[in-house]
Amino acid sequence: MEKHGQDVQDVAAHGAVAQASVRDAPAGGLVSSPVRRRRDVAVETLRLLAIAGIAVFHTFQPYFNAYAYGQQGVPVSWIGGGSAFVLGLISLLGAAGNSVFFMISGFYLLPRQRARALKPGYWRREGRDFARRAGVILVSVALYLLIGLVAQALGAPVFVAGRTCRGWLAGGLEFIWLYLVFLALAPVLAWIGAHRPLLSSAVFWVVAAGVLALDVWIAFVDRGSFTRGLFDWRKLMSAATYLVAFLLAGLMGEDRRRTARLARPVVLAAGVLVLGCEAAAAVLAAHGRVFLLGALAYKSTSLLSLLLAAGLLALAVRRSLLHPAERVDEPEPAGAAVVRRLASSILGFYICQSLLFVPWHMFSTQVLAGVAVRAGAAVFFIAGLAASLVYALVLLLLDRLVRPALLRALRLAR
(Lines give C-alpha, C1' and ligand atoms only; values in the text may rest on other atoms or scores of the structure.)
Protein backbone atom coordinates (compact mmCIF):
# COMPACT_ATOMS: atom_id res chain seq x y z
CA MET A 1 0.00 0.00 0.00
CA GLU A 2 1.07 3.56 -0.61
CA LYS A 3 2.17 5.62 2.35
CA HIS A 4 0.68 8.97 3.16
CA GLY A 5 2.09 11.97 5.02
CA GLN A 6 0.92 13.18 8.38
CA ASP A 7 -2.50 14.72 8.78
CA VAL A 8 -2.57 18.48 8.61
CA GLN A 9 -5.26 18.74 11.26
CA ASP A 10 -7.92 16.60 12.88
CA VAL A 11 -11.36 17.63 11.71
CA ALA A 12 -13.24 15.10 13.78
CA ALA A 13 -15.84 17.70 14.65
CA HIS A 14 -16.94 17.51 11.04
CA GLY A 15 -16.69 13.80 10.61
CA ALA A 16 -13.32 13.53 8.90
CA VAL A 17 -9.63 14.08 9.24
CA ALA A 18 -7.49 15.91 6.75
CA GLN A 19 -5.55 13.48 4.62
CA ALA A 20 -2.05 13.87 3.24
CA SER A 21 -2.08 13.97 -0.53
CA VAL A 22 0.11 12.30 -3.11
CA ARG A 23 1.89 13.72 -6.13
CA ASP A 24 1.81 12.61 -9.73
CA ALA A 25 4.92 10.75 -10.77
CA PRO A 26 6.61 12.07 -13.92
CA ALA A 27 5.48 9.03 -15.90
CA GLY A 28 1.89 9.35 -14.72
CA GLY A 29 2.12 7.04 -11.72
CA LEU A 30 1.48 8.06 -8.13
CA VAL A 31 4.21 8.33 -5.53
CA SER A 32 3.99 9.15 -1.86
CA SER A 33 4.69 12.64 -0.60
CA PRO A 34 6.14 13.26 2.87
CA VAL A 35 5.02 16.89 3.02
CA ARG A 36 2.09 18.10 5.06
CA ARG A 37 -0.82 19.32 3.01
CA ARG A 38 -4.10 21.07 3.54
CA ARG A 39 -7.42 19.28 3.21
CA ASP A 40 -8.27 18.32 -0.35
CA VAL A 41 -10.52 20.86 -2.02
CA ALA A 42 -12.36 18.19 -4.04
CA VAL A 43 -13.49 16.36 -0.90
CA GLU A 44 -14.38 19.61 0.86
CA THR A 45 -16.41 20.62 -2.21
CA LEU A 46 -18.25 17.32 -1.97
CA ARG A 47 -18.99 18.15 1.66
CA LEU A 48 -20.50 21.46 0.56
CA LEU A 49 -22.55 19.67 -2.08
CA ALA A 50 -23.88 17.34 0.63
CA ILE A 51 -24.89 20.38 2.70
CA ALA A 52 -26.66 21.92 -0.29
CA GLY A 53 -28.38 18.62 -1.06
CA ILE A 54 -29.66 18.29 2.49
CA ALA A 55 -30.95 21.88 2.54
CA VAL A 56 -32.77 21.42 -0.77
CA PHE A 57 -34.10 18.02 0.32
CA HIS A 58 -35.66 19.42 3.49
CA THR A 59 -37.24 22.29 1.58
CA PHE A 60 -39.07 19.99 -0.82
CA GLN A 61 -39.57 17.02 1.52
CA PRO A 62 -43.14 17.96 2.54
CA TYR A 63 -44.20 17.94 -1.12
CA PHE A 64 -42.53 14.62 -1.88
CA ASN A 65 -44.03 13.04 1.23
CA ALA A 66 -47.48 14.37 0.42
CA TYR A 67 -47.34 13.21 -3.19
CA ALA A 68 -45.52 9.88 -2.86
CA TYR A 69 -46.79 8.73 0.55
CA GLY A 70 -50.12 10.51 0.93
CA GLN A 71 -49.08 12.68 3.86
CA GLN A 72 -51.13 15.80 4.61
CA GLY A 73 -49.97 19.39 4.89
CA VAL A 74 -49.27 20.82 1.41
CA PRO A 75 -51.18 20.94 -1.89
CA VAL A 76 -50.00 18.49 -4.55
CA SER A 77 -52.72 18.67 -7.18
CA TRP A 78 -50.39 20.78 -9.36
CA ILE A 79 -47.72 18.05 -9.52
CA GLY A 80 -47.39 16.29 -12.87
CA GLY A 81 -44.93 13.81 -14.31
CA GLY A 82 -42.13 16.37 -14.74
CA SER A 83 -42.49 17.69 -11.20
CA ALA A 84 -42.59 14.13 -9.85
CA PHE A 85 -39.31 13.44 -11.66
CA VAL A 86 -37.62 16.49 -10.09
CA LEU A 87 -38.96 15.69 -6.62
CA GLY A 88 -37.71 12.11 -6.95
CA LEU A 89 -34.22 13.30 -7.89
CA ILE A 90 -34.15 15.73 -4.97
CA SER A 91 -35.12 12.97 -2.55
CA LEU A 92 -32.33 10.71 -3.80
CA LEU A 93 -29.79 13.53 -3.65
CA GLY A 94 -30.83 14.30 -0.08
CA ALA A 95 -30.36 10.68 0.95
CA ALA A 96 -27.00 10.63 -0.85
CA GLY A 97 -25.98 13.77 1.06
CA ASN A 98 -26.56 12.01 4.37
CA SER A 99 -24.46 9.07 3.21
CA VAL A 100 -21.68 11.41 2.07
CA PHE A 101 -21.51 12.88 5.58
CA PHE A 102 -20.77 9.47 7.07
CA MET A 103 -18.63 8.25 4.18
CA ILE A 104 -16.14 11.11 4.25
CA SER A 105 -15.65 10.46 7.94
CA GLY A 106 -15.15 6.72 7.49
CA PHE A 107 -12.88 7.24 4.47
CA TYR A 108 -10.27 9.11 6.50
CA LEU A 109 -10.84 7.93 10.05
CA LEU A 110 -10.93 4.13 9.70
CA PRO A 111 -7.72 3.65 7.64
CA ARG A 112 -5.81 5.90 10.03
CA GLN A 113 -7.09 3.95 13.02
CA ARG A 114 -6.27 0.62 11.37
CA ALA A 115 -2.68 1.78 10.86
CA ARG A 116 -2.44 2.77 14.52
CA ALA A 117 -4.11 -0.41 15.80
CA LEU A 118 -0.88 -2.38 15.38
CA LYS A 119 1.12 0.06 17.51
CA PRO A 120 1.45 0.33 21.30
CA GLY A 121 -0.83 2.76 23.10
CA TYR A 122 -3.63 2.42 20.58
CA TRP A 123 -6.55 2.25 22.99
CA ARG A 124 -5.33 5.10 25.15
CA ARG A 125 -4.79 7.33 22.12
CA GLU A 126 -8.12 6.49 20.54
CA GLY A 127 -9.96 6.87 23.83
CA ARG A 128 -8.49 10.34 24.25
CA ASP A 129 -9.39 11.29 20.68
CA PHE A 130 -12.94 10.01 21.04
CA ALA A 131 -13.41 11.97 24.26
CA ARG A 132 -12.41 15.16 22.44
CA ARG A 133 -14.67 14.37 19.47
CA ALA A 134 -17.60 13.64 21.76
CA GLY A 135 -16.89 16.89 23.58
CA VAL A 136 -17.03 18.80 20.29
CA ILE A 137 -20.39 17.25 19.41
CA LEU A 138 -21.94 17.79 22.85
CA VAL A 139 -20.71 21.38 23.10
CA SER A 140 -22.04 22.08 19.59
CA VAL A 141 -25.45 20.64 20.49
CA ALA A 142 -25.51 22.66 23.72
CA LEU A 143 -24.65 25.83 21.80
CA TYR A 144 -27.54 25.47 19.36
CA LEU A 145 -29.87 24.35 22.12
CA LEU A 146 -29.08 27.58 23.96
CA ILE A 147 -29.61 29.61 20.78
CA GLY A 148 -32.95 27.87 20.27
CA LEU A 149 -34.10 28.49 23.84
CA VAL A 150 -33.19 32.17 23.60
CA ALA A 151 -34.95 32.48 20.25
CA GLN A 152 -38.02 30.75 21.66
CA ALA A 153 -38.05 33.08 24.65
CA LEU A 154 -37.92 36.05 22.28
CA GLY A 155 -40.96 34.77 20.42
CA ALA A 156 -39.42 32.88 17.48
CA PRO A 157 -41.26 29.58 16.83
CA VAL A 158 -38.35 27.13 16.88
CA PHE A 159 -40.00 24.36 18.91
CA VAL A 160 -42.65 22.03 17.54
CA ALA A 161 -45.84 22.83 19.42
CA GLY A 162 -46.30 20.45 22.34
CA ARG A 163 -42.90 18.85 21.99
CA THR A 164 -40.74 18.68 25.11
CA CYS A 165 -37.12 19.73 25.15
CA ARG A 166 -36.17 16.08 25.65
CA GLY A 167 -38.16 15.08 22.59
CA TRP A 168 -36.61 17.98 20.72
CA LEU A 169 -33.10 16.69 21.40
CA ALA A 170 -33.84 12.98 21.00
CA GLY A 171 -36.10 13.11 17.97
CA GLY A 172 -34.54 16.03 16.18
CA LEU A 173 -30.93 14.94 16.50
CA GLU A 174 -31.07 11.24 15.69
CA PHE A 175 -28.57 11.78 12.91
CA ILE A 176 -26.03 13.43 15.24
CA TRP A 177 -26.35 10.80 17.97
CA LEU A 178 -25.89 8.12 15.34
CA TYR A 179 -22.70 9.83 14.23
CA LEU A 180 -21.48 9.83 17.84
CA VAL A 181 -22.16 6.08 18.08
CA PHE A 182 -20.15 5.47 14.89
CA LEU A 183 -17.23 7.43 16.29
CA ALA A 184 -17.36 5.26 19.43
CA LEU A 185 -17.45 2.05 17.38
CA ALA A 186 -14.72 3.11 14.96
CA PRO A 187 -11.67 2.21 17.11
CA VAL A 188 -13.08 -1.26 17.80
CA LEU A 189 -13.95 -1.92 14.17
CA ALA A 190 -10.57 -0.61 13.02
CA TRP A 191 -8.76 -2.84 15.52
CA ILE A 192 -10.65 -5.89 14.24
CA GLY A 193 -9.92 -4.88 10.66
CA ALA A 194 -6.21 -4.52 11.40
CA HIS A 195 -5.87 -7.88 13.17
CA ARG A 196 -8.32 -9.93 11.08
CA PRO A 197 -8.41 -8.13 7.71
CA LEU A 198 -9.73 -10.96 5.53
CA LEU A 199 -12.34 -12.11 8.02
CA SER A 200 -13.58 -8.59 8.76
CA SER A 201 -13.82 -7.77 5.06
CA ALA A 202 -15.80 -10.93 4.34
CA VAL A 203 -18.16 -10.28 7.26
CA PHE A 204 -18.67 -6.71 6.08
CA TRP A 205 -19.74 -7.72 2.58
CA VAL A 206 -22.13 -10.37 3.90
CA VAL A 207 -23.70 -7.93 6.38
CA ALA A 208 -23.84 -5.15 3.78
CA ALA A 209 -25.65 -7.41 1.33
CA GLY A 210 -28.13 -8.38 4.03
CA VAL A 211 -28.75 -4.76 5.07
CA LEU A 212 -29.31 -3.57 1.51
CA ALA A 213 -31.60 -6.52 0.78
CA LEU A 214 -33.70 -5.65 3.83
CA ASP A 215 -33.80 -2.02 2.68
CA VAL A 216 -35.28 -3.12 -0.62
CA TRP A 217 -37.78 -5.34 1.22
CA ILE A 218 -38.90 -2.45 3.43
CA ALA A 219 -39.26 0.01 0.54
CA PHE A 220 -41.14 -2.33 -1.79
CA VAL A 221 -42.92 -4.82 0.48
CA ASP A 222 -43.17 -3.89 4.17
CA ARG A 223 -43.02 -0.13 4.80
CA GLY A 224 -45.03 -0.19 8.00
CA SER A 225 -46.26 3.08 9.47
CA PHE A 226 -44.84 6.23 7.90
CA THR A 227 -44.38 7.72 11.38
CA ARG A 228 -42.56 5.19 13.53
CA GLY A 229 -40.81 5.01 16.86
CA LEU A 230 -37.10 5.42 17.41
CA PHE A 231 -36.60 1.68 18.00
CA ASP A 232 -38.86 0.34 15.28
CA TRP A 233 -36.80 -2.19 13.34
CA ARG A 234 -37.39 -0.34 10.10
CA LYS A 235 -36.14 2.82 11.73
CA LEU A 236 -33.02 1.01 12.87
CA MET A 237 -32.39 -0.09 9.29
CA SER A 238 -31.63 3.52 8.43
CA ALA A 239 -28.89 3.43 11.06
CA ALA A 240 -27.60 0.11 9.71
CA THR A 241 -27.51 1.55 6.19
CA TYR A 242 -25.47 4.54 7.31
CA LEU A 243 -23.10 2.21 9.17
CA VAL A 244 -22.60 0.24 5.95
CA ALA A 245 -21.81 3.52 4.17
CA PHE A 246 -19.33 4.46 6.92
CA LEU A 247 -17.53 1.10 6.74
CA LEU A 248 -17.61 0.95 2.93
CA ALA A 249 -15.85 4.30 2.80
CA GLY A 250 -13.23 2.96 5.21
CA LEU A 251 -12.45 0.18 2.76
CA MET A 252 -12.32 2.72 -0.06
CA GLY A 253 -9.80 4.72 1.95
CA GLU A 254 -7.51 1.70 2.30
CA ASP A 255 -6.78 1.66 -1.44
CA ARG A 256 -7.24 5.14 -2.85
CA ARG A 257 -5.77 4.38 -6.23
CA ARG A 258 -8.26 1.58 -6.82
CA THR A 259 -11.05 3.84 -5.57
CA ALA A 260 -9.98 6.51 -8.06
CA ARG A 261 -9.93 4.00 -10.94
CA LEU A 262 -13.49 2.94 -10.18
CA ALA A 263 -14.81 6.49 -9.88
CA ARG A 264 -15.99 7.06 -13.43
CA PRO A 265 -17.71 3.70 -14.00
CA VAL A 266 -19.47 3.87 -10.64
CA VAL A 267 -20.68 7.44 -11.18
CA LEU A 268 -21.79 6.57 -14.71
CA ALA A 269 -23.68 3.48 -13.52
CA ALA A 270 -25.27 5.43 -10.66
CA GLY A 271 -26.29 8.26 -12.98
CA VAL A 272 -27.86 5.94 -15.55
CA LEU A 273 -29.74 3.98 -12.87
CA VAL A 274 -30.95 7.09 -11.03
CA LEU A 275 -32.17 8.87 -14.15
CA GLY A 276 -33.69 5.73 -15.65
CA CYS A 277 -35.49 4.65 -12.49
CA GLU A 278 -36.76 8.14 -11.70
CA ALA A 279 -37.96 8.62 -15.28
CA ALA A 280 -39.90 5.35 -15.08
CA ALA A 281 -41.33 6.36 -11.69
CA ALA A 282 -42.36 9.76 -13.08
CA VAL A 283 -44.17 8.17 -16.02
CA LEU A 284 -46.09 5.91 -13.65
CA ALA A 285 -46.80 8.83 -11.31
CA ALA A 286 -48.26 10.83 -14.18
CA HIS A 287 -50.85 8.06 -14.47
CA GLY A 288 -51.60 8.09 -10.74
CA ARG A 289 -49.28 5.24 -9.74
CA VAL A 290 -46.82 6.72 -7.22
CA PHE A 291 -45.61 3.53 -5.52
CA LEU A 292 -42.29 3.27 -7.39
CA LEU A 293 -41.53 6.95 -6.84
CA GLY A 294 -41.82 6.49 -3.08
CA ALA A 295 -39.98 3.18 -3.03
CA LEU A 296 -36.85 4.49 -4.77
CA ALA A 297 -36.05 6.93 -1.95
CA TYR A 298 -37.86 5.46 1.03
CA LYS A 299 -36.61 6.69 4.42
CA SER A 300 -32.98 7.23 3.40
CA THR A 301 -32.39 3.50 2.83
CA SER A 302 -32.08 3.78 -0.93
CA LEU A 303 -29.55 1.57 -2.69
CA LEU A 304 -29.42 4.15 -5.51
CA SER A 305 -28.47 6.97 -3.14
CA LEU A 306 -25.73 4.88 -1.52
CA LEU A 307 -24.29 3.98 -4.92
CA LEU A 308 -24.41 7.63 -5.95
CA ALA A 309 -22.68 8.74 -2.75
CA ALA A 310 -19.92 6.15 -3.20
CA GLY A 311 -19.37 7.24 -6.79
CA LEU A 312 -19.18 10.93 -5.88
CA LEU A 313 -16.68 10.23 -3.10
CA ALA A 314 -14.56 8.14 -5.47
CA LEU A 315 -14.69 10.96 -8.02
CA ALA A 316 -13.49 13.45 -5.39
CA VAL A 317 -10.66 11.08 -4.43
CA ARG A 318 -9.65 10.74 -8.07
CA ARG A 319 -9.50 14.51 -8.38
CA SER A 320 -7.47 14.77 -5.17
CA LEU A 321 -4.90 12.25 -6.33
CA LEU A 322 -4.47 13.97 -9.68
CA HIS A 323 -4.37 17.45 -8.15
CA PRO A 324 -2.93 17.25 -4.61
CA ALA A 325 -3.79 19.98 -2.15
CA GLU A 326 -1.21 22.71 -1.62
CA ARG A 327 1.37 22.27 1.10
CA VAL A 328 0.80 24.04 4.40
CA ASP A 329 3.79 26.28 3.71
CA GLU A 330 2.37 27.37 0.34
CA PRO A 331 -0.11 30.23 -0.20
CA GLU A 332 -3.72 29.08 -0.01
CA PRO A 333 -5.85 30.16 -3.00
CA ALA A 334 -8.79 32.33 -1.98
CA GLY A 335 -11.39 30.01 -3.51
CA ALA A 336 -9.96 26.95 -1.78
CA ALA A 337 -9.87 28.80 1.53
CA VAL A 338 -13.57 29.70 1.26
CA VAL A 339 -14.53 26.11 0.41
CA ARG A 340 -12.53 24.67 3.30
CA ARG A 341 -13.87 27.10 5.86
CA LEU A 342 -17.49 26.70 4.86
CA ALA A 343 -17.22 22.91 4.62
CA SER A 344 -15.73 22.77 8.11
CA SER A 345 -19.13 23.86 9.45
CA ILE A 346 -20.95 20.76 8.27
CA LEU A 347 -21.52 19.49 11.81
CA GLY A 348 -22.89 22.84 12.94
CA PHE A 349 -25.14 22.96 9.88
CA TYR A 350 -26.62 19.53 10.61
CA ILE A 351 -27.27 20.37 14.25
CA CYS A 352 -28.72 23.81 13.52
CA GLN A 353 -31.03 22.72 10.72
CA SER A 354 -32.22 19.76 12.82
CA LEU A 355 -32.95 21.75 15.97
CA LEU A 356 -34.10 25.06 14.53
CA PHE A 357 -36.06 23.79 11.55
CA VAL A 358 -39.56 25.06 12.39
CA PRO A 359 -39.24 28.53 10.79
CA TRP A 360 -37.85 26.98 7.61
CA HIS A 361 -40.54 24.30 7.63
CA MET A 362 -43.15 27.04 7.85
CA PHE A 363 -41.59 28.77 4.85
CA SER A 364 -41.53 25.53 2.88
CA THR A 365 -45.14 24.61 3.60
CA GLN A 366 -46.72 28.06 3.47
CA VAL A 367 -44.76 30.42 1.24
CA LEU A 368 -43.69 27.83 -1.32
CA ALA A 369 -47.14 26.26 -1.38
CA GLY A 370 -48.55 29.60 -2.46
CA VAL A 371 -45.85 29.94 -5.11
CA ALA A 372 -46.66 26.50 -6.52
CA VAL A 373 -50.39 27.18 -6.78
CA ARG A 374 -50.12 30.73 -8.15
CA ALA A 375 -46.93 30.71 -10.25
CA GLY A 376 -46.55 27.10 -11.35
CA ALA A 377 -44.00 24.33 -10.98
CA ALA A 378 -41.01 26.01 -12.67
CA VAL A 379 -41.13 29.09 -10.43
CA PHE A 380 -41.77 26.86 -7.41
CA PHE A 381 -38.62 24.80 -7.98
CA ILE A 382 -36.43 27.80 -8.83
CA ALA A 383 -37.61 29.74 -5.78
CA GLY A 384 -37.22 26.74 -3.50
CA LEU A 385 -33.75 25.94 -4.78
CA ALA A 386 -32.51 29.52 -4.47
CA ALA A 387 -34.00 29.94 -1.00
CA SER A 388 -32.51 26.62 0.14
CA LEU A 389 -28.99 27.61 -0.91
CA VAL A 390 -29.30 31.00 0.81
CA TYR A 391 -30.63 29.27 3.92
CA ALA A 392 -27.69 26.83 3.95
CA LEU A 393 -25.19 29.67 3.47
CA VAL A 394 -26.71 31.65 6.36
CA LEU A 395 -26.44 28.64 8.67
CA LEU A 396 -22.83 28.01 7.64
CA LEU A 397 -21.88 31.63 8.22
CA LEU A 398 -23.65 31.62 11.58
CA ASP A 399 -21.74 28.52 12.58
CA ARG A 400 -18.41 30.01 11.46
CA LEU A 401 -19.18 33.09 13.53
CA VAL A 402 -19.87 31.43 16.86
CA ARG A 403 -18.84 27.78 17.15
CA PRO A 404 -15.08 27.78 16.32
CA ALA A 405 -14.39 30.48 18.91
CA LEU A 406 -16.27 28.48 21.56
CA LEU A 407 -14.38 25.28 20.72
CA ARG A 408 -11.05 27.12 20.88
CA ALA A 409 -11.97 28.62 24.24
CA LEU A 410 -12.74 25.14 25.58
CA ARG A 411 -9.56 23.73 23.97
CA LEU A 412 -11.52 21.27 21.87
CA ALA A 413 -10.42 22.59 18.47
CA ARG A 414 -7.32 21.55 16.54
Side-chain angles (χ1 to χ4, degrees), residues 1-21 34 36-37 39-40 43 47 99-142 173 175-204 207-208 239-240 242-256 259 313 317 344 346-348 350-351 403-404 407-408 410-414:
M1 287 183 59
E2 56 185 320
K3 296 181 180 179
H4 300 279
Q6 295 298 314
D7 293 335
V8 176
Q9 58 176 313
D10 189 348
V11 198
H14 321 118
V17 293
Q19 86 283 17
S21 301
R36 297 174 60 193
R37 296 182 178 274
R39 286 177 283 164
D40 285 323
V43 178
R47 224 193 292 261
S99 294
V100 164
F101 176 86
F102 289 114
M103 293 186 79
I104 291 178
S105 177
F107 182 83
Y108 292 126
L109 185 61
L110 291 172
R112 187 184 65 167
Q113 289 179 328
R114 287 193 196 105
R116 289 179 173 178
L118 301 175
K119 299 177 182 179
Y122 171 75
W123 294 110
R124 181 183 303 172
R125 182 188 303 110
E126 295 304 325
R128 183 176 62 247
D129 286 349
F130 171 73
R132 186 184 62 79
R133 292 166 183 154
V136 168
I137 293 173
L138 295 176
V139 166
S140 301
V141 169
L173 288 176
F175 194 85
I176 300 301
W177 303 136
L178 188 61
Y179 174 51
L180 183 60
V181 170
F182 289 0
L183 291 180
L185 291 175
V188 178
L189 297 174
W191 187 91
I192 295 172
H195 289 82
R196 297 290 186 273
L198 295 179
L199 177 61
S200 63
S201 180
V203 170
F204 164 76
V207 171
Y242 289 137
L243 181 59
V244 166
F246 182 75
L247 296 176
L248 173 63
L251 294 178
M252 293 169 64
E254 286 290 324
D255 192 342
R256 299 185 185 188
T259 296
L313 176 58
V317 172
S344 69
I346 188 170
L347 177 67
Y350 266 97
I351 295 173
R403 197 167 61 92
L407 295 179
R408 286 194 296 270
L410 296 175
R411 298 183 179 181
L412 290 172
R414 281 188 182 178

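All values below come from the heavy atoms of this structure, side chains included, with hydrogens, waters and symmetry mates left out.
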Query raised in the report: Between atom CG of Leu247 and atom CE of Met103, what is the distance when rounded to the nearest 0.5 Å?
Result: 10.0 Å

Query raised in the report: What do the steps show when you test Ile351 against Leu173 for side chain to side chain contact (heavy atoms under 4.5 Å, CB included), and what is the final call?
Result: CA-CA 7 Å; Ile351 295 173; Leu173 288 176; 4.3 Å; yes

Query raised in the report: When rounded to the nearest 0.5 angstrom, what is the spacing between OH in Tyr122 and CZ in Arg114?
Result: 9.5 Å

Report summary line: All heavy atoms of Tyr179 vs all of Ser105, minimum pair found to be CE1-OG, 3.9 Å

Query raised in the report: Which value, rounded to the nearest 0.5 Å, describes the distance between Lys119 atom NZ and Arg125 atom CZ?
Result: 7.5 Å

Query raised in the report: Side chains of Val43 and Tyr108: does their closest heavy-atom pair fall under 4.5 Å?
Result: yes

Query raised in the report: Quick one: are Leu109 and Leu183 in side-chain contact, heavy atoms under 4.5 Å?
Result: yes

Query - Side chain to side chain, Val244 and Phe204, heavy atoms closer than 4.5 Å - result: yes

Report task. Please step through side chain to side chain contact (heavy atoms under 4.5 Å, CB included) for the pair Val136 and Leu347, ending with a clear verdict. Result -> CA-CA 10 Å; Val136 168; Leu347 177 67; 4.2 Å; yes

Query raised in the report: Looking at Trp123 and Val188, what are the two nearest heavy atoms and their distance?
Result: CH2-CA, 4.0 Å

Query raised in the report: Which atom names give the shortest non-hydrogen contact between Ala190 and Leu110, and what distance separates them?
Result: CB-O, 4.1 Å

Report task. Return the orientation label for the Tyr242 and Phe175 ring planes: parallel under 30°, perpendicular over 60°, tilted otherwise. Result -> perpendicular

Report summary line: Rounded to the nearest 0.5 angstrom, the CD-OG distance for Glu254 and Ser201 is 10.0 Å

Query - Side chains of Arg256 and Pro111 in contact at under 4.5 Å (non-hydrogen atoms) - result: no

Query - Euclidean distance, Arg133 CZ relative to Leu138 CG, rounded to 0.5 Å - result: 14.0 Å

Query - Step-by-step side chain to side chain contact (heavy atoms under 4.5 Å, CB included) determination, His195 to Leu118 - result: CA-CA 8 Å; His195 289 82; Leu118 301 175; 3.9 Å; yes

Query raised in the report: Under the criterion ring-ring contact (aromatic ring centres under 6.0 Å, His included), which of Phe130, Phe246, Trp177, Phe101 is the partner of Phe182?
Result: Phe246

Query raised in the report: How long is the span from the CZ atom in Arg403 to the CG atom in Leu412, to the nearest 0.5 Å?
Result: 10.5 Å

Report task. Show the numbers, then the answer: is there a side chain to side chain contact (heavy atoms under 4.5 Å, CB included) between Ile346 and Ile104? Result -> CA-CA 12 Å; Ile346 188 170; Ile104 291 178; over 6 Å; no

